[in-house]
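As the structure is a computational prediction, the values presented were derived from the model and not from experiment. The analysis underlying the following values was restricted to heavy atoms, covering all of them including side chains, and did not include hydrogens, waters or symmetry mates.
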Amino acid sequence: MANLKLVDAFTDFVEESTLPYRQMMTYYNCALMEVETKFKVLNEQFSLFYDRNPIESIHTRIKSQSSILKKLQKKNLALTIPNIENNLFDIAGVRVVCSFTEDIYSLANSFLSQDDVRLIEKKDYIENPKENGYRSLHLIVEIPIFLSDEKKWVKVEVQFRTIAMDFWASLEHKIRYKKNLSKERLNEIDKELLECAKICKTLDEKMEEIKTGN
């Protein structure tokens, strides 16, 4: 019922501000295309100079309407276009899955060194994993998109993971958020998932050692 109310509230908002909302979401979609292209170019360059592709896959997504509304409510902000653009930095998201941990930092540094990329925020959950074991490098950046009559800067969240990090994060979400689990069972799952995260970290380190030794 609560989710239906959220959807109804967002539907009303979109109907009242159809063009501004569509423009805003178009900007985010364009920013995703720009960032994805940047990483595809970097992947080609790495392939040329180092004879390998560091990127295994690139995924893009736009945050759902209900997620946008929930996040605004959590911040005690009204549902307006300016509030979305100025306070929610992860509407547009890009996930870059790399072969090795070293590739993550090499790609991130190359990406951030580009003169049309502004770093807003950086969170390194690889060096400092979350309590549940989650590991990833998060960047909030601003990049320009070029429209017919203006240049607009748009915020995008970029997450970097290795294959092992991505495997763990994807399955953790599916397992942890299953419905109708007791508190005791959830606590057991949390401990088991943390152990799995440690195994994934060890796997990444071992793979890095093997690569370095070749």
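- Ring-centre distance between F160 and F39: below the 6.0 Å cut-off.
- Two residues are said to be in side-chain contact when any heavy atoms from C-beta on lie closer than 4.5 Å; V96 and C98 meet this criterion.
- For the residue pair S136 and Q159, no side-chain donor N or O sits within less than 3.5 Å of a side-chain acceptor on the partner.
- The main-chain N or O of T162 is never found under 3.5 Å from a side-chain atom of D166 such that the two would form a donor-acceptor pair.
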Query raised in the report: Could you go step by step and tell me if L139 and F111 meet the side-chain contact (heavy atoms from CB on, under 4.5 Å) rule?
Result: CA-CA 10 Å; L139 305 177; F111 175 64; 4.3 Å; yes
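- Note that the CD1 atom of I199 and the CG atom of D204 stand 12.5 Å from one another [nearest 0.5 Å].
- To the nearest 0.5 Å, the span separating NZ on K152 from OG1 on T26 amounts to 11.5 Å.
- Summarising the geometry of A169 relative to R161, their closest heavy-atom pair is CB-NH1, 3.4 Å, with the distance given to 0.1 Å.
- Both L186 and W168 belong to a common hydrophobic cluster when Ile, Leu, Val, Met, Phe, Trp and Tyr are linked at side-chain heavy-atom distances under 4.5 angstrom.
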Report task. Give the intermediate values and the outcome of side-chain contact (heavy atoms from CB on, under 4.5 Å) for residues M24 and R22. Result -> CA-CA 5 Å; M24 178 183 69; R22 288 179 60 190; over 6 Å; no
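- Counting heavy atoms from C-beta on, the side chains of I126 and M165 come closer than 4.5 Å.
- When the side chains of ILVMFWY residues are joined at heavy-atom separations under 4.5 Å, either directly or via intervening members, I81 and F89 end up in two distinct hydrophobic clusters.
- The side-chain heavy atoms of E208 and E102, taken from C-beta on, include a pair separated by under 4.5 Å.
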Requested in this report: Check step by step if side-chain contact (heavy atoms from CB on, under 4.5 Å) holds for D90 and K71.
Outcome: CA-CA 10 Å; D90 60 346; K71 202 152 192 179; 2.7 Å; yes
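- Taking CD of Q65 as the start and CG of L79 as the end, the distance is 9.5 Å to the nearest 0.5 Å.
- Within 6.0 Å of CZ on F167 lie no more than 12 heavy atoms contributed by other residues, nucleotides or ligands.
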Requested in this report: Report the C-alpha distance between R61 and E157 in whole Å, list the side-chain angles of each, state the deciding distance to 0.1 Å, and finish with yes or no for salt bridge (charged side-chain N to carboxylate O under 4.0 Å, His left out).
Outcome: CA-CA 10 Å; R61 64 105 183 100; E157 180 188 54; 3.6 Å; yes
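- Side-chain contact check for T80 and N83: at least one donor-acceptor pair (N or O, by modelled atom type) lies under 3.5 Å.
- Under a cutoff of 6.0 Å and an axis angle of 45°, R118 and W153 form a cation-pi pair.
- For S113 and S110, the side-chain atoms include no donor-acceptor pair closer than 3.5 Å.
- Neither Y27 nor I140 shares a network with the other; the hydrophobic side chains, linked directly or stepwise wherever heavy atoms of I, L, V, M, F, W or Y lie under 4.5 Å apart, form separate groups for each.
- Minimum heavy-atom separation, E85 to Y28: CA-OH, 3.7 Å.
- Side-chain atoms of L88 and I68, non-hydrogen and from C-beta on, do get closer than 4.5 Å to each other.
- Around the CD atom of E150, the shell of radius 6.0 Å holds more than 12 heavy atoms that belong to other residues, nucleotides or ligands.
- Atom CG of L147 is separated from atom SG of C30 by 7.0 Å, given to the nearest 0.5 angstrom.
- With respect to the salt-bridge test (charged N to carboxylate O, under 4.0 angstrom), the residues D103 and R52 qualify.
- Panel note: side chain E142, backbone I120; no donor-acceptor pair is recorded below 3.5 Å.
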Requested in this report: May I have the step-by-step check of side-chain contact (heavy atoms from CB on, under 4.5 Å) for L171 and L193, ending in yes or no?
Outcome: CA-CA 9 Å; L171 294 186; L193 287 170; over 6 Å; no
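- Using a distance-only test at 3.5 Å, with no hydrogens or angles considered, no donor-acceptor pair links the side chain of S47 to the main chain of N43.
- Contact between N87 and K75 at its shortest, heavy atoms only, is O-CE, 3.6 Å.
- D124 CG to Y105 OH: the interatomic distance, rounded to the nearest 0.5 Å, is 3.5 Å.
- Geometric assessment of K130 against the ring of Y125 yields a positive cation-pi assignment under the 6.0 Å and 45° thresholds.
- Salt-bridge formation is not detected for the pair R135/E127: no Lys NZ or Arg NE/NH1/NH2 atom is positioned less than 4.0 Å from an Asp or Glu carboxylate oxygen.
- Residue L119 is grouped with residue L137 when hydrophobic side chains (ILVMFWY) are merged at heavy-atom distances under 4.5 angstrom, including chains of intermediate members.
- L107 contributes atom CG, which lies 5.0 Å from atom CD1 of I55 (distance to the nearest 0.5 angstrom).
- For the salt bridge (Lys or Arg N to Asp or Glu O under 4.0 Å) test, no residue two or more places apart in sequence or in another chain qualifies with E44.
- More than 12 heavy atoms of other residues, nucleotides or ligands sit less than 6.0 Å from atom NZ of K38.
- Looking at E36, its side chain never comes within 3.5 Å of a backbone N or O of T60 through a donor-acceptor pair.
- Residue M207 qualifies as open at atom CE: its count of foreign heavy atoms under 6.0 Å is 12 or below.
- Using a 4.5 Å heavy-atom cutoff, the side chains of K198 and E195 are in contact.
- Contact record, A164 with C200: O-SG, 3.8 Å, taken as the closest heavy-atom pair.
- E188 and K191 are not joined by a salt bridge, as no carboxylate oxygen comes within less than 4.0 angstrom of a charged side-chain nitrogen.
- Under the 4.5 Å side-chain heavy-atom criterion for ILVMFWY residues, a single connected hydrophobic cluster contains both M25 and I143.
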